[in-house]
Amino acid sequence: MTQYEIVVGLETHIQLNTETKIFCSCKADSWGAEPNTNICPVCSGLPGVLPVLNAEAVQKAALLAAAMHAEINPISYFDRKNYFYPDLPKGYQITQFDEPIGKGGYLDVHMPDGSTRRVHIHKLHLEEDAGKTKIEAGRRLVDFNRCGVPLVEMVTEPELHSGEEAAQYLTELRQLLRWIGVSEADMERGHLRCDANVSIREAGSTVLNTKTEIKNMNSIESIRQAITLEAQRQIAAVEAGERVESYTLDWDADTGTLRKMRSKETEADYRYFREPDLLPVKLSEEEIKYIKSIFVEPGEVTPPQPSHDLKSKDISFGVSISKPTLTQIESPYNRKMRFIAEYQLSTYDADILTSERSLSDYFEEAVRLSSAAPKTVSNWMMNDLLRLMNDLGKSASELRLRPTDLAEIIGLVESGKISPATGKALLKKVEESGQKPAEIVAAEGLGLIGDEDALRSQIAAVLSESPNEVASFRAGKESLLGWFVGQVMRRTGGKADPKRTRELLLEMLKK
Ligand SMILES: [Zn+2]
């Protein structure tokens with residue numbers, strides 16, 4: 001039986017989270033807005049208007065290029081891609097063709113089996129988004145709100161070999177985009193879109209056979225399923241003696257099926273030419289060096305810094321960079337490996353704690369402020385803080401409970417001033433009230449009873465209520481000790497210091 005290899009290349013469109021659109025001052029993000037309310041003469045393509053390039057879009061694209069290890073082009077150009085579509089009012093799209101902002105580059109994808117696959121990208125370019133159309137009550141409606149939203153397009157080489165690998169690539173790309181702060185990368189909102197080119201070949205062969213293109217996959221799960229399904233279909237077709245034809249397939253997430261759409265245009269059909277209304281984008285050697293220096297390579301790790309989002313004022317292009325204000329960014333993978341080495345975290349814990357940059361910053365800050373072991377801080381975050389964040393639908397940076405509060409709560413528990421259960425409850429109380437943990441403990445009398453006389457009288461009361469158990473214990477049934485501790489806890493509403501209680505119980509029972 002013939003063995004087949006699946007060959008997948010991904011074409012991703014990333015919506016940059018800039019303030020405004022790429023060539024006008026309309027808001028870039030108009031999710032949920034009424035159709036055609038976030039437009040102006042520039043982005044709706046009225047005659048006689050001129051585009052003005054948004055510097056923030058260039059900065060974020062360059063930052064992404066550096067994060068993807070791409071070569072940043074000192075001079076890049078915008079081009080017109082000519083085609084007609086109802087949601088493209090100008091009749092052309094402004095994009096970058098042969099001299100894009102980034103060339104080459106790669107993303108290392110870490111597979112669940114521990115292997116790493118380096119996936120190269122051909123280029124990275126800036127372009128404007130088009131609008132969208134929909135059919136309603138037999139009429140075709142067009143919404144230009146998305147026209148002019150800044151996008152970065154990245155196309156991978158055909159170096160992925162399963163739906164699983166493609167899904168992992170997207171997962172790590174999404175994490176990177178959020179981590180470096182260039183995109184919200186929310187697939188459901190279209191911030192991160194992906195088309196897949198799929199073909200098959202005999203295992204061991206290096207030829208590239210006819211491919212099909214899958215569109216409209218708006219979740220990572222869809223990508224995994226659609227590619228797997230399409231590869232199976234191609235293998236079945238070839239096994240049945242048929243040929244794979246080149247066409248575009250539409251993924252229907254509701255039914256989990258692929259539908260044939262149309263045959264694909266070739267690049268020659270677009271009649272690219274230089275955009276005459278825009279100047280070339282020039283980046284000086286100093287600027288390029290600076291952008292590249294933002295990323296920390298393994299072995300040159302700097303002390304952790306609080307998250308710092310890229311703002312347009314931080315670097316300005318076309319003028320010299322006099323005061324670099326961006327903090328260095330450690331990649332998610334490097335930070336994960338450092339957490340494992342430096343804090344002795346398990347791979348599982350390190351994976352989760354570095355899933356978002358703000359969460360990993362939170363952890364490091366709490367570790368720095370806490371006298372407890374990093375593993376203890378990790379346990380509190382993994383077990384309790386993440387649950388709280390999940391319940392509230394908040395990210396780490398949105399919590400009122402700051403790392404200093406978490407460190408304080410852990411300290412109160414570790415020093416025996418409050419019980420672990422009280423500590424857990426405190427997380428929520430601090431989050432809700434914004435008060436300091438120690439203030440709440442004092443105000444609500446949550447502190448443990450460590451005072452010897454107070455404890456002795458509670459224990460004495462328990463012992464006099466339970467003469468049979470006391471007799472059994474004294475007759476040798478020492479396993480009853482835990483039961484006595486439980487009784488004291490119940491009497492004191494969980495506020496007895498458990499360690500001291502055990503000691504005093506042993507002493508008083510043995511009399
Ligand atoms: Zn506009």
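Scope of the values below: all heavy atoms of this structure, side chains included, with no hydrogens, waters or symmetry mates. All ligand and atom numbering here is 1-based and tracks the order in the structure.
- Contacts classified as side-chain hydrogen bond (donor to acceptor under 3.5 Å, both in side chains) and involving residues 180-191 (residues at least two apart or in different chains) are given here: N17-E184.
- Put simply, the side chain of Q96 gets close to the backbone of I101: a donor and an acceptor are under 3.5 Å apart.
- Note: Y106 and H69 have parallel aromatic rings, judged against thresholds of 30 and 60 degrees for the angle between ring planes.
- Protein atoms of type N, O or S found under 2.8 Å from the Zn ion (ligand 1) total 4.
- Qualifying ring-ring contact (aromatic ring centres under 6.0 Å, His included) partners for Y169, counting only residues two or more places apart in sequence or in other chains: none.
- Summarising the geometry of I6 relative to H161, their closest heavy-atom pair is O-ND1, 2.8 Å, with the distance given to 0.1 Å.
- Contacts classified as ring pair (Phe, Tyr, Trp, His ring centres under 6.0 Å) and involving residues 17-62 (residues at least two apart or in different chains) are given here: F23-F78.
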